[in-house]
Amino acid sequence: MRARICAVVFLCLSAATSRAEDIRLIAAGSLTGAFNAMIADYGRSHPKDHVSTKWGPSGVLRTELENGGAFDIFASAALPHAQALTDKGLASDSVLFARNALCAIALADGPALASDTLVEILLKPDIRLATSTPKADPGGDYTWELFALIDKQHPGAFATLSGKAQQVFGGAATTGPLNGRHRLAVALGDKSADVAIYYCSGTQEMSKAEPGRYKVVALPRDLAVGPEYGLTLANTASLPAADFAMYILSPAGQKTLSDFGFIPVTLPAAR
């Protein structure tokens with residue numbers, strides 16, 4: 001009985017001590033808006049917890065963590081990047097916590113985008129294309145998967161599209177905004193690109209920030225690819241970090257992800 005009481009006291013003291021620690025959240029840049037809103041909501045019911053954040057391309061972040069970077073929670077735009085930390089013994093089991101989709105975006109007065117003619121538009125020689133950076137950022141990897149699917153319908157399209165794609169964001173040197181603006185918005189705004197492939201959640205945020213400036217279309221259904229987001233906890237994660245990870249998976253957290261254009265995976269069925 002004494003041992004059991006001591007164990008309970010130890011857990012309570014551990015929880016109390018861990019509450020003084022930061023929750024170190026390392027996350028894909030595409031999650032910035034949704035997670036900042038989630039952190040604010042969570043903070044109202046957990047005022048003693050503080051979430052410190054670092055955003056970036058998931059592939060770049062994964063490499064940093066594999067090389068000893070400190071973290072409590074890693075939220076990746078690709079489940080395999082989170083799973084890699086699990087496989088290396090650096091983190092607990094990884095879980096799928098959200099999905100996304102790819103959209104095409106252009107200025108409202110730019111190319112006449114439509115889902116059923118999107119491939120033909122992208123393949124036009126005079127259409128300049130902006131994308132994220134494959135390998136460094138899952139957004140680029142998903143886009144290259146899209147090019148491969150188009151190639152099955154239009155042989156030679158992969159070489160054409162990957163060859164002319166300007167990788168304007170999502171790389172190690174193109175992580176942050178440019179003069180306070182997303183690099184994709186800059187590329188479209190200065191007319192160095194006509195069309196861009198981006199996460200639908202990101203195009204939604206761009207459209208909200210500048211109403212009427214952009215036109216966005218979804219990919220044709222037969223060209224849909226990924227994206228699947230992965231979440232994992234470091235083996236050394238604090239108890240508050242585990243609490244916040246559960247909040248991400250909770251109906252409240254998943255509703256926030258939905259509000260920001262993501263596709264939630266754990267919301268209860270509508271009644």
Side-chain angles (χ1 to χ4, degrees), residues 7 10-11 13-32 34-36 38-39 42-43 46 48-100 132-142 144-145 169-176 199 201 226-250 253-254 256-257 262 264-266:
F10 174 75
L11 289 174
L13 288 175
S14 296
T17 300
S18 65
R19 289 291 172 185
E21 300 175 8
D22 280 352
I23 300 171
R24 296 166 298 188
L25 171 65
I26 311 298
S30 56
L31 291 163
T32 303
F35 271 23
N36 277 336
M38 211 180 296
I39 289 166
Y42 182 79
H46 297 77
K48 294 183 180 180
D49 293 351
H50 176 260
V51 182
S52 63
T53 57
K54 181 175 182 179
W55 317 102
S58 296
V60 174
L61 295 174
R62 165 192 165 180
T63 299
E64 291 179 2
L65 299 182
E66 287 177 328
N67 290 332
F71 75 106
D72 290 305
I73 302 172
F74 179 43
S76 167
L79 180 58
H81 285 310
Q83 185 63 42
L85 299 186
T86 300
D87 294 343
K88 288 182 176 293
L90 299 173
S92 59
D93 289 340
S94 296
V95 298
L96 175 70
F97 75 95
R99 289 188 171 91
N100 210 331
S132 188
T133 306
K135 296 185 180 179
D137 179 36
D141 296 329
Y142 296 127
W144 259 241
E145 288 181 32
F169 66 103
T174 55
T175 298
Y199 292 129
S201 63
E228 295 183 330
Y229 284 60
L231 183 75
T232 192
L233 279 168
N235 291 332
T236 57
S238 62
L239 290 177
D243 288 343
F244 184 68
M246 289 299 295
Y247 182 77
I248 295 170
L249 297 170
S250 74
Q254 292 283 295
T256 299
L257 287 165
F262 293 87
V265 297
T266 65

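These numbers come from the heavy atoms of this one structure, side chains and all, not from hydrogens, waters or symmetry mates. Counting begins at 1 with the first residue of the sequence.
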(request) Kindly determine whether Trp55 and Asn36 satisfy side-chain contact (heavy atoms from CB on, under 4.5 Å), including the steps that lead there. (result) CA-CA 11 Å; Trp55 317 102; Asn36 277 336; 3.6 Å; yes

(message) Test your reading of the model: is there a side-chain donor-acceptor pair from Asn67 to the backbone of Thr63, 3.5 Å cut-off?
(response) yes

(message) Can you confirm whether Asp93 is buried at CG, in the sense that more than 12 heavy atoms of other residues, nucleotides or ligands lie under 6.0 Å from that atom?
(response) no

(request) Report yes if the side chains of Leu25 and Asp72 come closer than 4.5 Å at any heavy-atom pair, otherwise no. (result) no

(request) Taking all heavy atoms of Trp144 and all of Ser132, pick out the closest pair and write down the distance. (result) CZ3-O, 4.1 Å

(request) Taking all heavy atoms of Ala77 and all of Ser58, pick out the closest pair and write down the distance. (result) N-OG, 2.9 Å

(request) Using the test ring pair (Phe, Tyr, Trp, His ring centres under 6.0 Å), find all partners of Phe244 that sit at least two apart in sequence or belong to another chain. (result) Tyr42

(message) Does any part of the side chain of Val60, heavy atoms only, come nearer than 4.5 Å to the side chain of Asp137, both counted from C-beta?
(response) no

(message) If you compare all heavy atoms of Leu61 against all heavy atoms of Ala28, which two are closest, and at what distance to 0.1 Å?
(response) CD1-N, 4.3 Å

(message) To the closest 0.5 Å, what do you measure between OG (Ser238) and CG (Leu233)?
(response) 8.5 Å

(message) Counting C-beta onward and ignoring hydrogens, is there a side-chain heavy-atom pair between Arg62 and Phe74 closer than 4.5 Å?
(response) yes

(message) Using only atom types and a distance under 3.5 Å, with no angle test, would you say the side chain of Thr86 pairs donor to acceptor with the backbone of Ser92?
(response) yes

(request) Kindly give the heavy-atom pair with the smallest separation between Tyr142 and Pro227, and that separation in Å. (result) CE1-CB, 3.0 Å

(message) Can you give me the closest heavy-atom contact between Gly139 and Tyr199, atom names plus distance?
(response) N-OH, 3.0 Å

(request) Flag the pair Ser52 / Ile23 as yes when at least one side-chain heavy-atom distance between them is below 4.5 Å, and no otherwise. (result) no

(request) Kindly say whether Ile248 contributes a backbone atom to a donor-acceptor pair with the side chain of Gln254 at under 3.5 angstrom? (result) yes

(message) Let me confirm one number: the CG-OG1 distance from Leu96 to Thr266, rounded to the nearest 0.5 Å.
(response) 9.5 Å

(request) Starting from the C-alpha separation in whole Å, work towards a yes-or-no answer on side-chain contact (heavy atoms from CB on, under 4.5 Å) for Phe262 and Arg99. (result) CA-CA 6 Å; Phe262 293 87; Arg99 289 188 171 91; over 6 Å; no

(message) Within the structure provided, determine whether Phe35 and Leu257 are in side-chain contact (heavy-atom separation under 4.5 Å).
(response) yes

(request) Search all heavy atoms of Arg24 against all heavy atoms of Phe71 and return the closest pair with its distance. (result) NH2-O, 3.7 Å

(message) I'd like to check Ile73 versus Ile26 (side-chain heavy atoms, cut-off strictly below 4.5 Å). Are they in contact?
(response) no

(message) Could you tell me if the side chain of Ile39 sits less than 4.5 Å from the side chain of Thr53, heavy atoms only?
(response) yes

(message) Could you check whether any side-chain N or O of Ser76 sits under 3.5 Å from a backbone N or O of Leu79, counting only pairs where one atom can act as donor and the other as acceptor?
(response) no

(request) State the NE2-OG distance between His81 and Ser94, to the nearest 0.5 angstrom. (result) 12.0 Å

(request) For the residue pair Tyr229 and Ser30, confirm or rule out a side-chain donor-acceptor distance under 3.5 Å. (result) yes

(request) Kindly say whether Ala34 contributes a backbone atom to a donor-acceptor pair with the side chain of Thr256 at under 3.5 angstrom? (result) no

(message) Is any side-chain heavy atom of Lys54 closer than 4.5 Å to one of Glu64?
(response) yes

(request) Verify, without hydrogens or angle tests, whether Asp141 (side chain) and Lys135 (backbone) share a donor-acceptor contact under 3.5 angstrom. (result) yes

